[in-house]
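Chain naming here is simple, since letters A, B, ... match the order of the sequence lines and numbering starts at 1 in each.
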2 protein chains.
Amino acid sequence: MRNIRVRIAYDGSQFFGWQRQAGFLSVQEVLEEALEVLSGHRVVVFGSGRTDTGVHAMGQVASFHSETRLRDDRLPFALNAHLPPGVVVLEAETCPEDFHAQHSARGKRYAYLVRTTRFRPPMGEAYMHWVPDRLDLDRVRQGAGWLLGTHDFSSFANAGSPRKSNVRTLQAIHVVARRDAFALVLQGDGFLYNMVRTLAGTLLEVGRGRMEPDAVQDVLAARRRSLAGPTAPAAGLYLRRVLYPEPCFQGTGVRRAGFFG
Amino acid sequence: MRNIRVRIAYDGSQFFGWQRQAGFLSVQEVLEEALEVLSGHRVVVFGSGRTDTGVHAMGQVASFHSETRLRDDRLPFALNAHLPPGVVVLEAETCPEDFHAQHSARGKRYAYLVRTTRFRPPMGEAYMHWVPDRLDLDRVRQGAGWLLGTHDFSSFANAGSPRKSNVRTLQAIHVVARRDAFALVLQGDGFLYNMVRTLAGTLLEVGRGRMEPDAVQDVLAARRRSLAGPTAPAAGLYLRRVLYPEPCFQGTGVRRAGFFG
């Protein structure tokens, strides 16, 4: 049996999230079905983590064991032929036996995309969060600065699976501005349930002027979800990359698959 | 009665084209219905020209007469409140009595968007044409060079409404390259039925190496549709701007509403 990891992109609006659940189409399910056809046996796929309904991925990583004899560089083509629209395998790589997409992961990078056109964009509603209010991105950057580093992020976690600790390290957070749009890019060693969307929702309040940039520090310290801003919609959220101790997918010219590069 | 022109953006995948037709939802119909609510009387809207099902617009212009007393700068907000998702009025302007969105038009600018990722993009299928083949954009540019200027474009027109002459002037044609995508931007004094899509389809054949760049000159000279390439899909086509002798919409900060700026 080979231990294989794949890099996957998907349109979150076309699935009920990553994780398999009876009666709702998930990315895991369609991937496992495609792998079963190719492998000739049942395959269980482990993702680096779940994504909710509506959340997109440009660099989700999953690992699985398979008897397939297909070469790594042929696997994406073979798998994609058995996958429905909305999900695509970008790369595949045979990896050491101890690699596990979730347990080996050391961090993740997300992007939260916001469009700031005055009127509701006629297209792409599922792919960006539209905010018609005037936003001051300098305020957003100032507020974001308080979040960098190691903190207890309880104020930014919605009720979800309970965890031993709510302490996480945010290694990077920055605002990439484009005309009529911007991306909030976050990288950390791990994220609590809905944490990126709650951080985005809070920083949008700061950008609107409804919350002071320095108040982010107080919200963080209070460890109370009720003090943070609303959870921003799933449509704007993209899982961009999963980070591992050994670099993954170095060989094949990596091409990204979403808007905004 | 005021003579009013509006600049409109719409998602072509959500309508059966611009022009009103019984039983099929068109942009013209939803616009006329919104205007009837606002004006208190039946309104007939004239677009700068039709767009087919699936073709998008970021700068379609339409004109109409209305009794509405709303100020120009309030009209987009009022109209958008009565329009379904997928279409948005970006600007409105009261104009001279002799202005007519179609008859006053002196030219149009289109963009044809192509994605060149190796695998089918999981999202945005309705908004770009995906071409997995390797394309040589220098060949595309070289082929495009033959199209500039005044020519009989019969080779690039599909059977449609008959016209007096198939001579048109292409004022500009250029390739704007992005990572994993490019736009073919065309500006001319007018375009025959499906002309942009047929030019795009032909230049894609040139980019693939299936047609020589210089053969474009021969195809043009032959005035035979069968010699040109296939009609590229509607999904990639955007009406970007309609050109008038008097500049339109100068007052309000113009914001665009589609991908690719």
Side-chain angles (χ1 to χ4, degrees), chain A residues 6-15 27 30 54-60 73 75-81 83-92 113 115-128 130 132 178-181 235 238 252-261, chain B residues 6-15 27 30 54-60 73 75-81 83-92 113 115-128 130 132 178-181 235 238 252-261:
Chain A
V6 287
R7 196 166 66 89
I8 315 157
Y10 49 85
D11 176 348
S13 69
Q14 299 190 40
F15 298 94
V27 181
V30 298
V55 175
H56 311 290
M58 287 152 70
Q60 170 71 291
D73 61 344
L75 255 174
F77 292 93
L79 275 169
N80 288 333
L83 286 170
V87 54
V88 61
V89 172
L90 300 169
E91 296 179 275
L113 305 194
R115 305 190 73 180
T116 53
T117 50
R118 193 185 328 177
F119 299 113
R120 182 176 56 193
M123 51 191 80
E125 200 179 3
Y127 306 120
M128 281 200 185
W130 171 54
R178 294 274 182 279
R179 179 181 167 133
D180 291 344
Y238 291 72
T252 50
V254 173
R255 299 215 207 171
R256 290 183 265 180
F259 300 116
F260 244 68
Chain B
V6 286
R7 195 167 66 90
I8 315 157
Y10 49 84
D11 176 348
S13 69
Q14 298 190 41
F15 298 93
V27 181
V30 297
V55 175
H56 312 291
M58 289 153 68
Q60 171 69 293
D73 61 346
L75 254 174
F77 293 92
L79 274 168
N80 289 333
L83 286 170
V87 54
V88 61
V89 172
L90 300 168
E91 297 178 275
L113 305 194
R115 303 190 75 180
T116 52
T117 50
R118 194 185 329 178
F119 299 113
R120 182 176 55 192
M123 50 192 81
E125 199 180 4
Y127 305 119
M128 280 199 184
W130 171 54
R178 293 274 182 280
R179 178 179 167 134
D180 291 343
Y238 291 72
T252 51
V254 172
R255 298 215 210 172
R256 289 183 265 179
F259 301 116
F260 245 67

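Only the backbone of B/Pro84 comes within less than 4.5 Å of a heavy atom of chain A; no side-chain atom from C-beta onward does.
In plain terms, the two heavy atoms of A/Met123 and B/Tyr10 that are nearest each other are CE-O, 3.1 Å. Of all heavy-atom pairs between A/Phe119 and B/Leu90, the closest is CE1-O, 3.3 Å. Residues A/Pro122 and B/Val88 approach most closely at CD-CG1, 3.6 Å, considering heavy atoms. Here the shortest heavy-atom pairing between B/Leu83 and A/Arg120 reads O-NH2, 3.9 Å.
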- Task: Could you give me the CA-CA distance, side-chain angles and deciding distance for B/Phe77 and A/Arg118, then say whether side-chain contact (heavy atoms from CB on, under 4.5 Å) is met?
- Result: CA-CA 10 Å; B/Phe77 293 92; A/Arg118 193 185 328 177; 3.9 Å; yes
